[in-house]
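See below for the structure under consideration.
Chain letters run A, B, ... following the sequence lines, proteins first and then strands; every chain starts at 1.
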2 protein chains.
Amino acid sequence: MVVRRPVEPATPVTRDLLVAFKALADETRLRIFTLLTRQELCVCEIEEALGLPQSLVSNHLAVLRQAGLVRARRDETVARWVFYRADPEAVATLRQKWATLLEVKPAPGDRRRAEDVCRLRRP
Amino acid sequence: MVVRRPVEPATPVTRDLLVAFKALADETRLRIFTLLTRQELCVCEIEEALGLPQSLVSNHLAVLRQAGLVRARRDETVARWVFYRADPEAVATLRQKWATLLEVKPAPGDRRRAEDVCRLRRP
DNA sequence: TCATCATATCAGCCTTCACTGATATGATAC
DNA sequence: GTATCATATCAGTGAAGGCTGATATGATGA
């Protein structure tokens with residue numbers, strides 16, 4: 001019987017990256033996200049482009065939205081159309097956090113990671 | 001009944017990123033990988049640092065290894081020790097492909113993505 | 001009002017996958 | 001040789017998640 005330490009909430013840097021990785025770790029979502037970095041599209045356009053059923057696309061968009069990777073916007077004139085696009089700020093933040101993770105020194109406030117390293121130093 | 005287009009193998013850029021995202025879309029593996037970007041460690045050190053059972057750590061290392069994110073090396077003097085480290089080349093490649101994905105124009109050879117965009121242009 | 005369009009949500013099915021415990025392999029020490 | 005250490009692998013279990021089909025919501029148009 002192995003005693004596991006209680007799972008603490010992940011550190012800020014790790015948590016955000018983890019959310020993004022989970023959201024992009026699916027081929028369909030990665031394709032949708034890639035499309036949305038190029039241009040703003042409504043749901044039906046994505047369906048047509050990828051040849052996927054509506055409910056599936058809508059589900060995947062919800063996942064990407066909850067991960068903060070894309071933003072939804074209702075069309076001003078035709079309110080039933082919802083347009084999605086990749087969130088440029090989220091993308092920039094993600095890129096920075098990815099760089100931070102790969103840095104040599106643990107990022108400030110990244111306690112979980114610091115603890116992991118610290119535990120190695122104890123003989 | 002919705003007729004789905006046959007799933008073609010993903011494009012080079014997308015495929016590599018997808019493999020990496022899948023490998024890093026797990027909190028335990030992300031912690032292990034983060035540790036290995038800091039220093040080279042053997043399996044038992046990772047176990048101790050994270051407080052996880054041996055088989056679990058070994059399993060996660062196998063996933064990271066198969067994804068090309070880490071490299072294993074047997075110690076020259078004590079051959080039962082296997083040291084792992086993050087693969088710097090893989091990390092660099094990953095960073096570049098991530099940047100490529102976020103570019104406006106589809107990368108050369110990224111046919112799947114080009115097809116997705118093209119299909120949108122057909123009225 | 002009624003029908004239709006665009007999107008969201010939900011239940012069920014099925015696959016994938018993280019975790020555990022046990023066993024296998026292979027090197028080192030006695 | 002036998003015992004132990006370090007690691008890898010495998011079967012079983014339970015949970016998470018992708019996909020589908022149906023339904024719900026809400027806007028638009030006749």
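- With respect to B:Arg31, the side-chain contact (heavy atoms from CB on, under 4.5 Å) criterion is satisfied by exactly one of B:Ile46, B:Leu50, B:Asp26, B:Leu36: B:Leu50.
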Dump the pairs, protein N or O against N or O of nucleotides 1-3 of chain D, anything under 3.5 Å, distances to one decimal.
none

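- Considering only residues two or more places apart in sequence or on other chains, A:Glu40 meets the side-chain hydrogen bond (donor to acceptor under 3.5 Å, both in side chains) condition with A:Arg73.
- No donor-acceptor contact under 3.5 Å links the side chain of B:Gln54 to the base of D:dA6.
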Atom pairs and distances, side-chain donor-acceptor, residues 58-70 of chain A, under 3.5 Å, sequence neighbours left out:
unit_1: A:Asn59; atom_1: ND2; unit_2: A:Ser55; atom_2: O; d: 3.3
unit_1: A:His60; atom_1: ND1; unit_2: A:Arg29; atom_2: NH1; d: 3.2
unit_1: A:Arg65; atom_1: NE; unit_2: A:Tyr84; atom_2: OH; d: 3.4
unit_1: A:Arg65; atom_1: NH2; unit_2: A:Tyr84; atom_2: OH; d: 3.3

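- An OP1 or OP2 oxygen of C:dA6 is reached within less than 4.0 angstrom by no side-chain nitrogen or oxygen of A:Tyr84.
- When heavy atoms are screened at a 4.0 angstrom cut-off, A:Phe83 is found touching no nucleic acid atom at all.
- Helix-axis bend for the helix from C:dT1-D:dA30 to C:dC30-D:dG1: the local axis fitted to the five terminal pairs at one end deviates from that at the other end by 10°, rounded to 10°.
- No more than 12 heavy atoms of other residues, nucleotides or ligands sit less than 6.0 Å from atom CD of A:Glu89.
- Summarising the geometry of B:Leu17 relative to B:Lys97, their closest heavy-atom pair is CD1-O, 3.6 Å, with the distance given to 0.1 Å.
- Both B:Val91 and B:Leu30 are members of a single hydrophobic cluster when ILVMFWY side chains are connected at heavy-atom separations under 4.5 Å.
- When hydrophobic residues (I, L, V, M, F, W, Y) are linked wherever their side-chain heavy atoms come within less than 4.5 Å, the members clustered with A:Phe83 are A:Val78, A:Trp81.
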I'd like a table of atom pairs between the protein and nucleotides 15-17 of chain D - only N or O on both sides, under 3.5 Å - with the distance next to each one.
none

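- OP1 or OP2 of D:dT9 has not a single side-chain nitrogen or oxygen of B:Ser58 nearer than 4.0 Å.
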Give every pair of a protein N or O atom and an N or O atom of nucleotides 27-30 of chain D that lie under 3.5 Å apart, one pair per line with the distance.
unit_1: D:dT28; atom_1: OP1; unit_2: A:Ala79; atom_2: N; d: 3.0

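- For residues 17-42 of chain B, the ring-ring contact (aromatic ring centres under 6.0 Å, His included) pairs, not counting sequence neighbours, are A:Phe21-B:Phe21, B:Phe21-B:Trp98.
- The shortest distance between side-chain heavy atoms of A:Thr37 and B:Leu101 does not fall below 4.5 Å.
- Within the 4.5 Å cutoff, side-chain heavy atoms of B:Leu18 are placed close to those of B:Lys22.
- The distance from the OG1 atom of B:Thr14 to the CG atom of A:Leu24 is 11.0 Å, given to the nearest 0.5 Å.
- A sub-4.0 Å separation between OP1 or OP2 of C:dC17 and a side-chain N or O of B:His60 is absent.
- Exactly one of B:Leu52, B:Leu41, B:Leu56, B:Val57 qualifies for a side-chain contact (heavy atoms from CB on, under 4.5 Å) with B:Glu47. That residue is B:Val57.
- With sequence neighbours excluded, the residues that form a side-chain hydrogen bond (donor to acceptor under 3.5 Å, both in side chains) with B:Asp87 are B:Arg71.
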